Amino acid sequence: MASSIEWLTALELRALYRRAALSPVEVAETAFARIERYNGALNAFMVIDREGAMAQAQASAARWRRGTPLSPLDGVPVTIKDTVDLQGFPTRAGSQTTPDAPAAHDCPEAARLREAGCVILGKTTTPEFGWKGMTDGPLFGTTRNPWNLERTPGGSSGGAAAALAAGIGTLALGTDGGGSVRIPATHCGLFGLKPTFGRVPHAPHKGAFGTLVAAGPITRSVSDAALMLNEMARPDPRDWYALPYTGEDFGADLWRGVDGLKIAVTTTFGGAQTDPEVATLVQAAARVLEQLGAIVEEVGEITAPLRPRFEAYWLAGFGETLARIPPARWPELDPGFLELARRGQSVTRAEAYAGELARIELGTEMALFHQRHDLLLMPTIPAPPVNAAMPYHAQGNDRWARATPFTVAFNYTGQPCATIRCGFTSDGLPAGLQIVGPKYSEGLILRAAAAYEAASQASLWPTPALAASLKKMAVDPTA
């Protein structure tokens with residue numbers, strides 16, 4: 001076996017299951033052993049479902065023995081972010097103000113993974129209503145980054161990324177309304193994909209941010225993300241925003257390479273500025289793709305600053321969320337969320353509508369841009385992850401400066417984009433290359449990511465630095 005069980009990809013697991021060299025039961029047992037070793041330090045889980053997962057693993061093992069797996073992901077362990085419904089467990093969305101009654105049904109994306117035979121380990125942590133690019137809150141405390149426990153894993157799918165980077169499970173389901181798949185995937189050195197809005201059925205689309213959110217895979221390899229997207233994109237009548245199902249195999253062209261593709265690169269976008277170390281790593285990644293045959297062009301600043309166009313729109317969404325919570329319960333909320341949400345309640349209808357018009361304008365800008373460029377490269381995050389105790393959207397940790405400046409635009413436009421590890425800053429923490437494509441171009445984005453992965457160290461799991469960090473934090477010091 002090329003690597004220990006916890007670091008195997010879904011593709012490798014499938015091959016081992018097929019020839020009876022490994023059982024889904026062994027893989028699930030490994031995942032729960034790692035939860036026991038590392039979750040005390042990481043605080044990545046809201047729910048751990050050992051009983052349910054082991055029953056799913058046993059059923060999967062029986063299917064593989066009969067030669068009747070449900071899908072290529074049958075028996076592969078996955079975690080589910082606690083902003084989406086998982087039957088039998090509450091959906092707390094990181095908030096003390098949400099009900100603790102169990103969900104009656106799986107959300108569409110979780111249903112597709114269950115139908116594929118995935119082994120669901122549990123639900124992972126998220127900040128209150130997924131509001132920030134860190135993962136902490138009054139309900140569960142602070143989730144930490146396995147590369148460095150003093151740092152945040154990002155958010156809002158922070159628990160998903162922290163667990164996966166620690167070798168807990170093979171796949172993770174996240175959601176992304178402003179960068180919430182891509183930010184934690186970057187901070188934890190993973191691959192993360194935000195699909196085109198509507199590609200993955202998602203329901204219900206709650207609140208003002210409903211048309212920003214896309215569910216997406218977080219994985220340790222590009223091929224695993226393609227396999228996961230194949231299953232998640234299957235149709236579900238509960239989402240009337242969903243795109244028509246095409247049956248596309250998103251991994252079909254992974255190995256076609258990038259020869260001849262017209263690729264733009266920038267380290268400034270919408271008023272954002274990048275730390276020099278991160279900018280250097282992104283430029284080096286662009287050169288890798290150029291050496292593989294892509295036609296790479298520096299484009300500099302390509303759109304007007306985002307903050308003046310969208311700040312009121314974003315605050316209005318927080319205000320709408322707050323309006324659904326009884327005022328008597330507001331003291332239970334994350335103080336940072338409450339402050340912004342209160343400001344959001346004073347946003348006028350005209351200001352909120354101006355944000356919708358700005359979305360249309362930005363979408364048109366980007367559609368025209370992609371008439372000239374197949375893909376756009378940029379940093380995913382402009383700087384390394386901050387200290388996990390640092391207040392969010394405060395001095396030194398401003399949302400528009402350090403968390404979402406390169407990610408949120410593509411939630412407004414609905415475009416697909418991915419992040420892949422492109423090296424490390426001087427403090428030993430991962431940096432991310434964001435690959436952006438026009439709408440409906442997930443296959444092209446995955447193809448470029450696979451080319452970069454094959455030509456770089458992005459597929460190395462674990463790195464020596466991560467292995468050393470995990471060894472120090474394990475409950476069992478021999479882990």
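In this text the structure is predicted, and so the values were computed from the model without any measurement.
- Counting only distance, with no hydrogens or angles, the side chain of T152 and the backbone of M134 share no donor-acceptor pair below 3.5 Å.
- One distance of note links OG1 of T79 with CD1 of I35; it measures 9.0 Å at 0.5 Å rounding.
- Every residue two or more places apart in sequence or in another chain that forms a side chain to side chain contact (heavy atoms under 4.5 Å, CB included) with L281 is listed here: C422, T425, A431.
- Ring to ring, F191 and Y452 are not that close: their centroids are 6.0 angstrom or more apart.
- Between P184 and H187 the shortest side-chain heavy-atom distance does not fall below 4.5 Å.
- Qualifying side chain to side chain contact (heavy atoms under 4.5 Å, CB included) partners for E339, counting only residues two or more places apart in sequence or in other chains: none.
- Panel note: side chain R402, backbone P384; a donor-acceptor pair is recorded below 3.5 Å.
- Judged by distance alone, the side chain of T186 and the main-chain N or O of I381 form no donor-acceptor pair under 3.5 Å.
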- Intermediate values then yes/no, side chain to side chain contact (heavy atoms under 4.5 Å, CB included), Y440 and L243: CA-CA 10 Å; Y440 323 123; L243 299 173; 3.9 Å; yes

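- Remark: Q457 CD is loosely packed, at most 12 non-hydrogen atoms of other residues, nucleotides or ligands lying under 6.0 Å away.
- Checked by atom type, the side-chain pair T196/Q415 shows no donor-acceptor distance below 3.5 Å.
- Using a 4.5 Å heavy-atom cutoff, the side chains of P138 and E332 are not in contact.
- Side-chain N or O atoms of N39 include none that pairs as donor or acceptor with a backbone N or O of L42 at under 3.5 Å.
- At least one donor-acceptor pair closer than 3.5 Å links the side chain of K81 to the backbone N or O of T175.
- Checked against a 6.0 Å centroid threshold, the rings of F318 and F209 count as neighbours.
- Side-chain N/O atoms of E128 and S95 include a donor and acceptor closer than 3.5 Å.
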- Apply the test side chain to side chain contact (heavy atoms under 4.5 Å, CB included) to residues L333 and T97: give CA-CA distance (whole Å), side-chain angles for both, the deciding distance (0.1 Å), then the verdict. CA-CA 7 Å; L333 294 167; T97 67; 3.7 Å; yes

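- Taking the charged nitrogens against the carboxylate oxygens, R112 and E109 have no contact shorter than 4.0 Å, which rules out a salt bridge.
- Side chains of L86 and R114 form a contact here, defined as non-hydrogen atoms less than 4.5 Å apart.
- Side-chain N or O atoms of R92 include one that pairs as donor or acceptor with a backbone N or O of T98 at under 3.5 Å.
- Here R151 pairs with D427 in a salt bridge; the nearest charged N to carboxylate O distance falls below 4.0 Å.
- K194 has no carboxylate O lying under 4.0 Å from a charged side-chain N of D176, or vice versa, which leaves the two without a salt bridge.
- Of the possible polar contacts, none joining the T83 side chain to the A93 backbone as a donor-acceptor pair under 3.5 Å is found.
- A cation-pi geometry, defined here as NZ or CZ lying under 6.0 Å from the six-membered ring centre and within 45° of its normal, holds between R421 and W461.
- Within the 4.5 Å cutoff, no side-chain heavy atoms of T211 are placed close to those of N411.
- Looking at heavy atoms from C-beta onward, L121 lies out of side-chain contact with D49 at the 4.5 angstrom threshold.
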- Query: Would S426 and E277 count as a side chain to side chain donor-acceptor pair (under 3.5 Å) if you check the C-alpha gap in whole Å, the side-chain angles of each, and the deciding distance to 0.1 Å?
  - Reply: CA-CA 8 Å; S426 58; E277 280 191 310; 2.9 Å; yes

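- Residues R34 and E6 are paired through a salt bridge, judged by an N-O separation under 4.0 Å between the basic side chain and the carboxylate.
- Residues L254 and V222 are in side-chain contact: their nearest non-hydrogen atoms beyond the backbone lie under 4.5 Å apart.
- Judged by distance alone, with hydrogens and angles left aside, the side-chain atoms of R329 form a donor-acceptor pair with the main-chain N or O of Q96 at under 3.5 Å.
- Using a 4.5 Å cut-off on side-chain heavy atoms (C-beta onward), V27 and P77 make contact.
- Under a 3.5 Å cut-off, the side chain of T9 and the backbone N or O of E12 do form a donor-acceptor pair.
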- Would H202 and Y241 count as a side chain to side chain contact (heavy atoms under 4.5 Å, CB included) if you check the C-alpha gap in whole Å, the side-chain angles of each, and the deciding distance to 0.1 Å? CA-CA 8 Å; H202 173 75; Y241 284 119; over 6 Å; no

- Stepwise, does the side chain to side chain contact (heavy atoms under 4.5 Å, CB included) test hold for T274 with F406? CA-CA 10 Å; T274 308; F406 290 103; 3.3 Å; yes

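- For H205 and F197, the gap between ring centers is short of 6.0 Å.
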- Query: side chain to side chain donor-acceptor pair (under 3.5 Å) between T143 and T135: does it pass, once the steps are laid out?
  - Reply: CA-CA 6 Å; T143 300; T135 299; 5.5 Å; no

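- Counting non-hydrogen atoms of neighbouring residues, nucleotides and ligands closer than 6.0 angstrom, the CD atom of E150 reaches no more than 12 such neighbours.
- The nearest pair of heavy atoms linking S469 to N148 is OG-N, 4.2 Å.
- When M228, E442, R447 are each tested for a side chain to side chain contact (heavy atoms under 4.5 Å, CB included) with F250, only one passes: E442.
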- Task: For side chain to side chain donor-acceptor pair (under 3.5 Å), just list the numbers for Y392 and R399, CA-CA rounded to whole Å, side-chain angles, deciding distance to a tenth of an Å, and then say yes or no.
- Result: CA-CA 7 Å; Y392 187 67; R399 170 169 54 95; 4.9 Å; no

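- A salt bridge is defined here as a Lys NZ or Arg NE, NH1 or NH2 lying under 4.0 Å from an Asp or Glu carboxylate O, and D74 with R14 fails to meet this definition.
- In terms of modelled atom types and a separation under 3.5 Å, the side chain of N43 and the main chain of F140 share a donor-acceptor contact.
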- Take T219 and S221, measure what side chain to side chain donor-acceptor pair (under 3.5 Å) needs, and give me the verdict at the end. CA-CA 6 Å; T219 60; S221 73; 5.1 Å; no

